Amino acid sequence: MSTVHDNEGSPLPSKRRFAVHVEVFPRREILDPQGKAIGDALQRLGYGSVREVRAGKSFTLLLDAANDEAANQSAREICERLLANPIVEDFSFTVRERLPVEEQGGAA
Amino acid sequence: VVVFPGSNCDHDVVWLLGEVLNQPVEELWHQEPDLRGCELIVLPGGFSYGDYLRAGAMAALSPIMTAVRAHADAGGLVLGICNGFQILLEAGLLPGAMRRNAHLRFLGRDVHVRVERDDLPFTRGYQRGQVLRLPVASGEGNYVDFEPALDRLEANRQVVFRYCTADGLVTEDGNPNGSARAIAGICNTDGNVCALMPHPERAAEEILGNADGRALFAGLLAARREVAASSGSRR
């Protein structure tokens with residue numbers, strides 16, 4: 001890609017850094033045997049008040065993007081293409097900017 | 001036979017094809033860019049990449065899968081067994097997905113499956129309606145897709161194997177893991193990519209007490225001989 005250069009020497013950082021938090025859960029219509037088993041275990045522990053348990057996964061990503069919109073776009077694509085399988089899972093995510101953007105070599 | 005980190009049924013397939021059926025076999029490491037001219041690609045069972053994220057999800061993105069996809073698109077034969085099935089689903093070469101087994105248990109025992117069509121290279125060694133006894137060994141073998149997609153699968157005759165009772169009846173009792181429509185194995189619309197959860201390669205020699213799986217591989221060889229005889233040297 002030959003977009004804006006953000007090498008050192010550039011007065012303004014053209015990329016901003018965002019923290020993306022993703023949650024993936026089995027779709028509502030899909031049985032969640034893991035959540036059910038955990039729910040059963042909680043009943044055995046004496047927590048009869050627990051009505052439902054759903055077991056999912058969460059991910060945190062740090063990603064660089066030009067703006068909020070681009071960060072959201074990337075996050076959505078990443079969820080759709082890898083983190084969730086749309087046949088059996090739903091996903092949701094939040095995007096928050098990380099401040100300040102420090103240039104520190106060797107970020108993940 | 002493609003070997004991913006965590007594959008553990010690769011040797012069974014290599015043994016069967018090479019030693020039992022006397023065919024040349026290549027073991028293809030998942031990072032290889034090409035298939036060394038192989039005609040049949042087998043994605044074996046196991047726990048590729050430790051089942052990270054979802055079973056098969058990481059393996060579906062490994063370098064060799066680009067070549068496997070091209071092979072499949074060109075009409076080449078691809079067989080997925082167990083984890084190989086999961087990889088083909090995640091790679092989008094077959095439709096659908098796998099959930100955890102309905103009772104959450106890892107299943108390691110013999111099951112019965114009914115052959116739903118015998119006109120594929122993979123099933124020509126069997127007869128339609130024939131009941132096979134094959135071992136399963138999986139925790140996520142509970143096939144699922146959206147209802148319209150399942151209807152499409154049935155309409156296109158893409159269901160190749162269904163879980164059943166010993167008598168060949170498709171009932172809840174005969175369905176070990178809760179799979180939608182008791183699906184144990186499917187193929188793509190062209191019939192050149194096929195996958196199943198049970199392990200035919202683990203039941204392919206009399207000395208092991210069960211050879212029901214052998215005809216799948218023997219049938220592939222017969223299909224190949226026929227094609228070679230009729231059209232010269234097409235793959």
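Atoms considered below: every heavy atom in the structure, side chains included; atoms not considered: hydrogens, waters and symmetry mates. In what follows, every chain begins at residue 1, and chains take the letters A, B, ... in the order their sequences are listed. Owing to the predicted nature of the structure, the values given are computational and were not obtained by experimental measurement.
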Item checked: Point-to-point distance, once rounded to the nearest 0.5 Å, from CZ of Arg100(B) to CG of Asp32(A) -> 9.0 Å

Notebook entry, point to check: Any idea which heavy atoms bring Asn101(B) and Pro33(A) closest together, and the distance?
Noted result: O-CG, 4.0 Å

Check: Residues of residues 139-158 of chain B under 4.5 Å from chain A (heavy atom pairs)?
Finding: Val144(B), Asp145(B), Phe146(B)

Item checked: Proximal to chain B - members of residues 64-83 of chain A, heavy-atom separation under 4.5 Å -> Leu82(A), Leu83(A)

Next item on the list: Tabulate, in ascending numerical order, the residues of residues 163-190 of chain B having at least one heavy atom closer than 4.5 Å to a heavy atom of chain A, or enter 'none'.
Entry: none

Notebook entry, point to check: Within a reach of under 6.0 Å around NE2 of His11(B), are more than 12 heavy atoms found that belong to other residues, nucleotides or ligands?
Noted result: no

Checklist line | Straight-line distance of Leu89(B) CG to Asn85(A) CG, nearest 0.5 Å | finding: 8.5 Å

Next item on the list: State whether the number of non-hydrogen atoms from other residues, nucleotides or ligands found under 6.0 Å of Lys57(A) atom NZ is greater than 12.
Entry: yes

Next item on the list: Assess whether atom CZ of Arg54(A) is packed by more than 12 heavy atoms of other residues, nucleotides or ligands within 6.0 Å.
Entry: yes

Checklist line | Arg99(B) CZ to Gln34(A) CD distance, which is reported to the nearest 0.5 Å | finding: 14.5 Å

Check: Using a heavy-atom distance cut-off of less than 4.5 Å, which residues of residues 43-51 of chain A contact chain B?
Finding: none

